[in-house]
Protein chains: 2
Amino acid sequence: MLSQKTRYSIRALQHLADHVGTGPVPLGEIAEKQRIPKKFLTVLLSEMGRSGLVSAQRGRDGGYWLAKDPTEISYGDIVRLTRGSLALVPCASRWAYESCTSCVDEEGCRLRMVMLTVRDATADILDGLTLADDFKAFAADKRIPALSVGNNVTAEQH
Amino acid sequence: MLSQKTRYSIRALQHLADHVGTGPVPLGEIAEKQRIPKKFLTVLLSEMGRSGLVSAQRGRDGGYWLAKDPTEISYGDIVRLTRGSLALVPCASRWAYESCTSCVDEEGCRLRMVMLTVRDATADILDGLTLADDFKAFAADKRIPALSVGNNVTAEQH
DNA sequence: CATGAATCTATTTATTCAATAGATAATGGC
DNA sequence: GCCATTATCTATTGAATAAATAGATTCATG
């Protein structure tokens with residue numbers, strides 16, 4: 001699962017992407033519009049500043065803006081920077097590899113092979129989508145179906 | 001990330017898959033061979049028993065075995081049963097959907113659209129692989145490259 | 001120099017996860 | 001019937017991580 005931190009960060013960046021060219025956006029506005037706790041968001045935006053995703057200006061009329069063009073910031077980048085890895089298991093990360101504790105045989109580990117494949121598929125998607133992408137077109141293209149709300153799942157739905 | 005619980009569970013099931021037809025495998029053997037804390041494993045195997053993945057027999061010569069044919073147990077099943085969901089965000093789960101707290105507009109949420117796509121790609125992989133699959137062939141087919149160990153990442157490696 | 005903003009480090013609080021404990025129940029051999 | 005063996009269950013502890021908050025500081029601008 002993605003942490004709140006990652007999710008808040010993505011929403012904040014999307015907000016900034018939607019306001020490119022309109023000058024610095026103050027933290028208070030992002031917090032309010034995106035329903036993110038203000039004080040928490042200061043921490044997140046600071047980190048994103050340090051990692052080069054956003055720039056900021058202090059003082060009157062200050063605020064935040066994207067440090068790069070929205071086409072240059074992919075969802076993969078954001079997840080890597082805020083979460084450390086795209087993978088579901090540290091030994092299947094290509095960006096932040098860590099060997100498993102309590103692993104019996106990493107070379108032959110089937111779990112790791114599966115998870116490497118998943119991580120590559122995930123990367124294909126997340127690295128191919130940027131903050132600039134048009135999600136209405138994207139959704140139509142992928143034909144994302146509506147979700148059945150609740151937990152009423154049938155055997156076939158696995 | 002997958003929890004230890006999910007990882008241990010998968011390793012335990014793989015062990016059982018490798019011993020189909022040899023009679024009940026006692027917990028102690030699984031724990032030792034797979035390096036899983038014994039007491040913890042009892043909890044995991046109990047849960048897997050309740051969810052119908054394994055069967056067990058008590059007493060002398062007792063132990064565990066797969067409740068179904070290994071071809072009938074996919075990695076997707078295991079992850080869903082032990083973790084609750086394949087998705088990276090609860091509102092993108094099809095099996096265990098939950099709406100986000102602090103979500104502004106779920107219908108139009110771009111993060112959710114991306115994550116639905118990722119969850120579908122993940123499901124394609126994990127539901128297509130079972131405990132019976134031959135991972136040497138799988139790895140060769142997918143041409144899984146060796147990992148560079150450590151965190152020495154260059155800009156191009158994203 | 002006062003005001004409005006971001007920035008930084010530390011701390012609290014909540015939640016989740018991993019592991020262990022301890023008592024119980026079934027099975028089979030003698 | 002009794003004992004050793006093995007699984008089962010519920011609860012608890014302990015540790016780690018994540019979420020959120022606090023408070024002092026710095027910088028820009030009118």
Side-chain angles (χ1 to χ4, degrees), chain A residues 1-12 16 23-32 34-67 79 82-85 88-90 96 98 100-102, chain B residues 1-12 16 23-32 34-67 79 82-85 88-90 96 98 100-102:
Chain A
M1 289 280 166
L2 300 182
S3 62
Q4 273 302 47
K5 176 180 159 183
T6 297
R7 295 191 244 172
Y8 285 155
S9 298
I10 290 176
R11 296 227 307 267
L16 293 179
V25 183
L27 183 138
E29 178 190 318
I30 307 174
E32 190 186 344
Q34 300 294 329
R35 289 211 215 146
I36 302 172
K38 204 166 167 178
K39 201 73 196 187
F40 194 26
L41 185 55
T42 64
V43 176
L44 307 184
L45 282 167
S46 287
E47 282 188 20
M48 290 195 277
R50 280 192 292 266
S51 54
L53 290 176
V54 304
S55 301
Q57 167 103 335
R58 306 196 228 201
R60 232 202 102 167
D61 299 325
Y64 297 87
W65 63 92
L66 292 184
V79 173
T82 61
R83 185 206 205 204
S85 167
L88 289 174
V89 115
E98 263 178 73
C100 294
T101 55
S102 100
Chain B
M1 289 280 166
L2 300 183
S3 61
Q4 273 300 50
K5 176 179 159 183
T6 297
R7 294 191 245 171
Y8 285 156
S9 298
I10 291 175
R11 296 226 308 265
L16 293 180
V25 183
L27 184 137
E29 177 189 319
I30 307 174
E32 190 187 341
Q34 300 294 329
R35 288 210 216 148
I36 303 172
K38 206 166 166 179
K39 201 75 192 184
F40 195 25
L41 184 56
T42 66
V43 176
L44 307 184
L45 283 168
S46 287
E47 282 188 21
M48 289 195 275
R50 280 191 293 268
S51 55
L53 290 176
V54 304
S55 301
Q57 167 105 335
R58 304 197 228 201
R60 234 204 98 164
D61 298 326
Y64 297 88
W65 62 92
L66 292 184
V79 173
T82 60
R83 185 205 205 202
S85 168
L88 289 175
V89 115
E98 263 179 74
C100 295
T101 55
S102 101

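Numbers restart at 1 for each chain; the letters A, B, ... are given by sequence-line order, proteins then strands.
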Hey, does [X] reach any base, or is it just sugar-phosphate, or nothing, if we go heavy atoms under 4.0 Å?
X	answer
A:L27	sugar-phosphate
B:R7	nothing
A:G63	sugar-phosphate
A:R83	nothing

Report yes if at least one side-chain N or O of [X] is closer than 4.0 Å to OP1 or OP2 of [N]; otherwise report no.
X	N	answer
B:Y8	C:dA19	yes
B:R58	C:dT24	no
A:Q57	D:dT29	yes

In whole Å, I'd like the distance from the [atom1] atom of [X] to the [atom2] atom of [N].
X	N	atom1	atom2	value
A:M1	D:dA19	CE	P	13 Å
A:Y64	C:dA5	OH	C1'	9 Å
B:F40	D:dT13	CZ	P	18 Å
B:R60	C:dG28	CZ	P	11 Å
A:E47	C:dT9	CD	P	11 Å
A:L44	D:dT21	CG	P	12 Å
A:K39	C:dA10	NZ	P	15 Å
B:L45	C:dA18	CG	C1'	16 Å

* Which residue, A:L2 or A:G59, contacts DNA chain D at a nucleotide closer to its 5' end, judged by nearest heavy atom? ->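 Between the two, 5'-proximity favours A:L2.
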* Start at the 5' end of DNA chain D and walk down; is the nucleotide closest to B:T42 or to A:T6 reached first? -> B:T42
* Asked: Within a radius of less than 6.0 Å around CD of B:E47, do more than 12 heavy atoms belonging to other residues, nucleotides or ligands occur?
  ->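 Counting other residues, nucleotides and ligands, CD of B:E47 exceeds 12 neighbours.
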* Asked: Nearest to the side chain of A:P37, which nucleotide is it out of D:dC9, D:dA7, D:dT21?
  -> D:dT21
* **Closest listed nucleotide, where the reference is the side chain of A:A56 and the choices are C:dC8, C:dA6, D:dA19** => C:dA6
* Structure fact -> Between the CZ atom in A:R11 and the CD1 atom in A:I30, the distance rounded to the nearest 0.5 Å is 12.0 Å
* Asked: Side chains of B:S9 and B:T6: is there a donor and an acceptor less than 3.5 Å apart?
  ->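 Short answer, no.
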* Answer whether the closest heavy-atom distance between the side chains of A:T101 and B:Q4 falls below 4.5 Å. => yes
* Is there a side-chain contact between B:L2 and B:R83 (heavy atoms, below 4.5 Å)? -> yes
